[in-house]
Number of protein chains: 2
Amino acid sequence: MHMHSNLRSIQPRNGSSDEGKETMSGEFSRHKQFPAHGVIFFEGDPASNIYEVAAGSVMLYKLLPDGRRQVVEILGPGDLFGMPAGDIYDVSAETLTETLVHLMSRKEAETSHVMQEHIKKCLVSQVQNLHEHAVLLGRKSAHERVASFLMRFVPSRGDFACIGPQEDADESVVTLNMTRQEIADFLGLTIETVSRVLSDMKRRKVITMEKQDRIRIMNVCGLCHLTGKY
Amino acid sequence: MHMHSNLRSIQPRNGSSDEGKETMSGEFSRHKQFPAHGVIFFEGDPASNIYEVAAGSVMLYKLLPDGRRQVVEILGPGDLFGMPAGDIYDVSAETLTETLVHLMSRKEAETSHVMQEHIKKCLVSQVQNLHEHAVLLGRKSAHERVASFLMRFVPSRGDFACIGPQEDADESVVTLNMTRQEIADFLGLTIETVSRVLSDMKRRKVITMEKQDRIRIMNVCGLCHLTGKY
DNA sequence: CGAGCTGTTGAGGCTTCTCAAAGAAAGTGG
DNA sequence: CCACTTTCTTTGAGAAGCCTCAACAGCTCG
């Protein structure tokens, strides 16, 4: 069930053009590139490496034995993953888009003070994101979940320190880079519900769809108020 | 709405009888005791201290503006909390039972290497627990959620390395130390649903209730199979 | 013993899910 | 390059699960 095994790891290349995103590239010993929907590791695999997203995006998910899947985190450039409490990974990691990752062995990471500090920083913000996501999964309606999800992709909006609409037209175009199934599994919904909510938002002219995974938000403020956060 | 402000901080005393639980007491500068349902801090408060549960239990929760609450973590002895990404707490912290906490300022924590290491360890297992909880909130039925919740309180059972039933009678008595509202807010359900599921489990003779928050599990293996994990 | 709170139970409604079918998009091979 | 297959998405109808509202029961404490 929604299992992609098209692991075709492109040969490593130097991540020299990292789009100016802040990463720990200097600390990492190796690079590796994955195609879209490539498997990085599975839950239960021996946890040999720590990874950092250099470019692209990665999702972490868990499966129940009957096939139900929950996507627990969506990661972007600068985010770390693969630091388990035990010696096996507690989640599976799969790319959403073509992705370049830095990696280093656990041992290397443990001996680097800079790395340890960086790991701690990432963990703290990871925990904070997971708290927010627990609220979404436990207490938000389908509409609120989808609205919250879309707001993730609007930079510097929807925060505590939202700058508000800049122009007369409060528009924004976002690229999801996720299938409906992946979105549904992240939001704790079914693909049908996600699709219906998006259609409903189109009907209400909150959004329009340029492509299936490219959405124009017609009214960012309006959408933000649908998240339940305000 | 379910807001408890009976903050009556009992005067600090030395945590000398820590029940043999492993804590970082040596590293912490101060102790503080709270009554059951005492507020330790609120979401949005300036994050001045890092806390460790020495004895008792603490819940971390977030509120939506309309009063909906999600309990995101339940902590016991040895667990740390109060390490926010920014300079304010991202959750509220409240005790479930009478609780003794160790605390130290952020600055103190940042200068201690032992502390940093300990914080990292706790964060990693926190993340893992939050992953598990996301699966519960996003993908499990009410019955599975309650079963999973009850299994939390059965030591060395329900894990990957479950030892299996030890005696002929596979029983276990657990004390929840939580109100139905707190349980519901942790599991993303309503109090009525929690109550109904527990009643249903009684009817099926999976559990019996010694007191309202003291439950005898008649068949641990049976309950474990209701969690959805197997 | 009565007041107040917490928990239980019931009836009905709403949201979301399930199942099914058709439409759109993307990949495949001639 | 086009027809075909495959996959993904949308939409509909009906069912199921959980929630809301309401009343009652049980415990706690003055």
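Computation of the quantities below employed the complete heavy-atom set of this structure, encompassing side-chain atoms and omitting hydrogens, waters and symmetry-equivalent molecules. Letters A, B, ... are given to chains in the order of the sequence lines, protein chains preceding strands, and every chain is numbered from 1.
Within residues 222-230 of chain B, no residue is approached by DNA chain D to less than 4.0 Å at the level of any non-hydrogen atom.
Annotation: side-chain hydrogen bond (donor to acceptor under 3.5 Å, both in side chains) contacts of B/E73 (sequence neighbours excluded): A/H131, B/Q126. Under the side chain to side chain contact (heavy atoms under 4.5 Å, CB included) criterion, A/K205 pairs with no residue at all, not counting sequence neighbours. Taking the side-chain hydrogen bond (donor to acceptor under 3.5 Å, both in side chains) definition, one finds that B/S125 meets it with nothing, sequence neighbours left out. With sequence neighbours excluded, no residue satisfies salt bridge (charged side-chain N to carboxylate O under 4.0 Å, His left out) with A/D45. By the salt bridge (charged side-chain N to carboxylate O under 4.0 Å, His left out) test, A/R157 is found to be paired with A/D170, residues two or more places apart in sequence or in another chain being considered. With sequence neighbours excluded, no residue forms a side-chain hydrogen bond (donor to acceptor under 3.5 Å, both in side chains) with A/R30. Checked against side-chain hydrogen bond (donor to acceptor under 3.5 Å, both in side chains), A/R196 has no partners two or more places apart in sequence or in another chain.
Nearest to the side chain of B/R180, among D/dT11, C/dG7, C/dT9, sits C/dG7.
If one axis is set at each end of the helix from C/dC1-D/dG30 to C/dG30-D/dC1 from five pairs, those axes are 40° apart, to 10°.
The nearest whole Å value for the distance from the CD1 atom in B/I215 to the P atom in C/dG7 is 11 Å. With rounding to whole Å, A/L198 atom CG is found 17 Å from C/dA24 atom P. Distance CD1 (B/I191) to P (C/dC5): 14 Å, rounded to an integer number of Å. The distance from atom CZ of A/R68 to atom C1' of C/dT16 is 15 Å, rounded to the nearest whole Å. Atom C1' of nucleotide C/dG7 and atom CD1 of B/I183 are separated by 11 Å, given to the nearest angstrom. Per the geometry, CE belonging to A/M209 stands 13 Å off P belonging to C/dA24, to the nearest Å. A straight line from CZ of B/R214 to P of C/dG7 spans 17 Å, rounded to a whole angstrom. The CG atom of A/D200 sits 13 Å away from the P atom of D/dT10 (whole-angstrom rounding).
A salt bridge does not link B/R180 to B/D213: none of the charged side-chain nitrogens sits closer than 4.0 Å to a carboxylate oxygen.
Sorted by first and then second residue, the pairs that involve residues 143-156 of chain A and meet salt bridge (Lys or Arg N to Asp or Glu O under 4.0 Å), not counting sequence neighbours, are A/E144-B/R68.
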Which atom pairs, donor and acceptor, lie under 3.5 Å between side-chain atoms of residues 215-230 of chain A and protein residues at least two apart or in another chain?
unit_1, atom_1, unit_2, atom_2, d
A/R216, NE, A/E210, OE2, 2.8
A/R216, NH1, A/E171, OE1, 2.8
A/R216, NH2, A/E210, OE2, 3.3
A/N219, OD1, A/C221, N, 3.4
A/N219, OD1, A/G222, N, 2.8
A/T227, OG1, A/C224, O, 2.7
A/T227, OG1, A/K229, N, 3.3
A/Y230, OH, A/G158, O, 2.6
A/Y230, OH, A/D159, O, 3.3

For nucleotides 12-30 of chain D, give me one character per nucleotide, 5' to 3': B if any protein heavy atom sits under 4.0 Å from the base, S if the only such contacts are to the sugar-phosphate, - if neither. BB----SSBB---------
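B/Q70 and B/Y61 share no donor-acceptor pair across their side chains, judged by distance under 3.5 Å alone.
Note on B/S199: a side-chain N or O is less than 4.0 Å away from OP1 or OP2 of C/dT9.
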